[in-house]
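What you see below is based on every heavy atom in this structure, not just the backbone, and it leaves out hydrogens, waters and symmetry mates.
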Amino acid sequence: MSKDLDILPLQDWLPTGGKPLVIAGPCSAESEQQLLRTAREIATIPDVKIFRAGIWKPRTRPGEFEGVGEEGLKWLEKVKAETGLLTTVEVARPAHVELALKYNVDILWMGARTVVNPFNVQEIADVVKGHDVPLMVKNPLNPDVKLWLGAIERIRAAGLRKIIAIHRGFHYFEKSPYRNAPMWEIPIELKSMLLSIPIIIDPSHICGQRDLLQPVSQKALDLEMDGLMIETHFDPTQALTDAQQQITPKQLDELLGGLIFRRRQGNIDFQNKLESLRTEIDKLDGELLQILAKRMEIIDEIGEYKKENDITILQMKRWAGIIRDRLAIGTHLGLGERFLRTLLNVIHKESLQRQTDIFNKSNGK
Ligand code: PEP
Ligand code: MN
């Protein structure tokens with residue numbers, strides 16, 4: 001399913017200069033001094049066009065710093081007047097939207113904890129209706145592309161056309177170096193469902209720590225994402241929220257300076273060569289799938305045969321032999337051992353599952 005909600009391209013309403021959009025600013029507005037000092041330093045970096053700050057902070061537990069509220073909006077007006085940066089804040093309740101508009105915030109965003117709940121999203125959609133205000137929609141906490149899409153559809157249905165999706169990673173149970181797993185396939189799927197949506201990446205909430213910001217930002221650009229939102233604080237160690245992931249304006253400048261902005265499209269020779277290589281890949285993938293299907297057919301046949309002869313499904317000795325043999329062949333062909341083990345395990349798991357299904361079916365279950 002792919003559709004086009006006629007969302008405006010970024011360059012139609014933002015001064016991007018054809019470059020990826022960069023949003024920077026602290027996780028939270030903490031004091032007038034912290035906000036203005038951070039903004040002044042950020043304003044010296046020409047690539048940064050928008051200043052972010054959380055005014056109302058969704059905290060996991062009560063008693064933690066919950067943001068400065070309305071007061072912070074006055075500081076943001078000063079930031080705008082002094083630096084010329086556009087401003088953006090998170091809104092989670094209709095009252096937040098009303099206040100943000102009252103104090104001339106340029107762009108609103110909905111956080112991951114709001115987007116998980118369609119009731120909340122609809123309330124925000126109802127209150128932005130009739131305003132020509134841009135709204136950015138973060139992905140929901142859980143990796144559910146439809147929930148993300150649904151939130152964008154609700155906002156679009158309220159009449160807004162200046163909409164951006166923000167990819168900030170997903171809650172994930174397995175151990176991972178990231179605070180929120182990037183699962184790049186999900187923003188890519190969103191883009192394929194919604195052709196006109198600009199997507200920017202929030203490496204700060206994906207990484208949860210400073211060290212990974214650079215490679216994740218580069219990956220975002222390599223995947224043709226439309227921009228970055230990076231939490232920046234003049235003194236991150238003293239930050240009241242997300243201290244481990246914020247960087248100084250100077251570090252931000254270095255990070256941006258180190259990024260490689262690859263061309264989206266090369267010249268015609270490059271395009272032709274790329275096209276022919278891609279055609280080859282398509283063909284090989286087709287063959288790979290046919291071979292896998294054939295392998296599974298034979299697995300099913302073995303399953304039937306084992307069933308008829310009352311032989312158990314799992315034959316450890318045979319499996320150990322397969323691993324040894326295939327690893328030797330695969331590594332000889334230049335494939336990595338870790339990749340081979342993962343691949344063989346997935347194939348084995350599926351084979352066992354198919355044979356189990358056959359056993360259950362012929363038992364009349
Ligand atoms: C934030 O941007 O500071 C924030 C709370 O992000 P998220 O909604 O992605 O957790
Ligand atoms: Mn944060």
Side-chain angles (χ1 to χ4, degrees), residues 143 145 167 169-189 191-192 201 203 206-207 211-212 214-225 260 262 266 270-362:
V145 73
H167 170 42
F170 298 92
H171 185 68
Y172 191 56
F173 289 102
E174 304 253 332
K175 206 170 160 320
S176 126
Y178 303 104
R179 177 178 175 192
N180 291 293
M183 301 184 180
W184 294 101
E185 65 281 7
I186 296 184
I188 290 170
E189 194 181 348
K191 190 98 185 171
S192 71
I201 306 301
I206 291 178
C207 300
D211 291 355
L212 295 169
Q214 181 92 35
V216 167
S217 303
Q218 185 64 56
K219 175 96 179 173
L221 296 188
D222 293 347
L223 290 174
E224 298 189 3
M225 296 296 163
I260 302 166
R262 299 184 213 282
F270 171 85
Q271 285 297 330
N272 287 342
K273 171 87 179 160
L274 189 67
E275 219 29 68
S276 87
L277 289 172
R278 282 179 174 163
T279 309
E280 233 174 284
I281 292 284
D282 293 347
K283 185 167 155 279
L284 287 171
D285 280 351
E287 285 171 18
L288 211 56
L289 293 175
Q290 271 179 22
I291 290 172
L292 275 175
K294 179 80 196 154
R295 191 186 193 281
M296 291 304 164
E297 253 174 53
I298 298 176
I299 288 289
D300 290 352
E301 212 177 308
I302 295 176
E304 303 280 3
Y305 195 54
K306 281 180 185 163
K307 171 68 194 160
E308 277 165 35
N309 291 279
D310 281 334
I311 306 286
T312 54
I313 295 177
L314 184 59
Q315 306 265 303
M316 279 319 287
K317 237 171 100 190
R318 159 88 179 140
W319 180 239
I322 289 188
I323 295 264
R324 200 180 336 107
D325 180 55
R326 308 311 190 249
L327 277 183
I329 300 174
T331 49
H332 187 72
L333 290 170
L335 298 171
E337 182 172 335
R338 208 166 52 132
F339 165 69
L340 285 167
R341 283 190 189 277
T342 312
L343 179 69
L344 290 168
N345 272 329
V346 173
I347 293 175
H348 189 227
K349 218 170 132 197
E350 173 67 7
S351 304
L352 288 181
Q353 186 57 52
R354 289 178 78 111
Q355 295 196 345
T356 307
D357 290 347
I358 287 170
F359 270 47
N360 287 345
K361 200 166 62 192
S362 45

Problem set entry | Rounded distance (nearest 0.5 Å) linking atom OG1 of T356 with atom CD1 of I313 | 3.5 Å
Problem set entry | Pairs meeting criterion side chain to side chain donor-acceptor pair (under 3.5 Å) with involvement of residues 332-342, two or more places apart | E337-R341
For this session: Drop me the distance from I311's CD1 to E308's CD, to the nearest 0.5 angstrom.
Result: 11.0 Å
Seminar exercise, completed: Rounded to the nearest 0.5 angstrom, the CZ-NZ distance for R278 and K273 is 13.0 Å
Seminar exercise, completed: The single option from E297, R295, E301 that satisfies side chain to side chain contact (heavy atoms under 4.5 Å, CB included) with I299 is R295
For this session: Could you pull out the closest heavy-atom pair between Y178 and P182, with the gap in Å?
Result: CD1-CD, 3.4 Å
Seminar exercise, completed: Nearest heavy-atom contact between V216 and C207 is CG2-SG, 3.6 Å
For this session: Find out whether L212 and P177 are in side-chain contact, i.e. whether some heavy atom of one side chain is under 4.5 Å from a heavy atom of the other.
Result: yes
For this session: Could you pull out all residues at least two apart from F170 that satisfy ring pair (Phe, Tyr, Trp, His ring centres under 6.0 Å)?
Result: H167
Exercise. For I260, what residues pass the side chain to side chain contact (heavy atoms under 4.5 Å, CB included) criterion, not counting sequence neighbours?
Worked result: Q218, R262
Exercise. Looking at side-chain heavy atoms only, is the closest gap between E304 and I358 below 4.5 Å?
Worked result: yes
Exercise. Does any non-hydrogen side-chain atom of T279 lie less than 4.5 Å from one of K283?
Worked result: no
Exercise. Between K306 and T312, what is the shortest heavy-atom contact and its length?
Worked result: CD-O, 3.5 Å
For this session: Taking the side chain as every heavy atom from C-beta outward, state whether W184 and I201 have any atom pair closer than 4.5 Å.
Result: yes
Exercise. Between CE of M225 and OG of S217, what distance do you get to the nearest 0.5 Å?
Worked result: 12.5 Å
Problem set entry | Criterion side chain to side chain contact (heavy atoms under 4.5 Å, CB included) on Q353 and D357, from CA distance to verdict | CA-CA 6 Å; Q353 186 57 52; D357 290 347; 3.1 Å; yes
Exercise. Between M296 and I347, does a side chain to side chain contact (heavy atoms under 4.5 Å, CB included) hold up when you go through it step by step?
Worked result: CA-CA 9 Å; M296 291 304 164; I347 293 175; 4.2 Å; yes
Exercise. When rounded to the nearest 0.5 angstrom, what distance separates CD1 in I188 from CD in E224?
Worked result: 9.5 Å
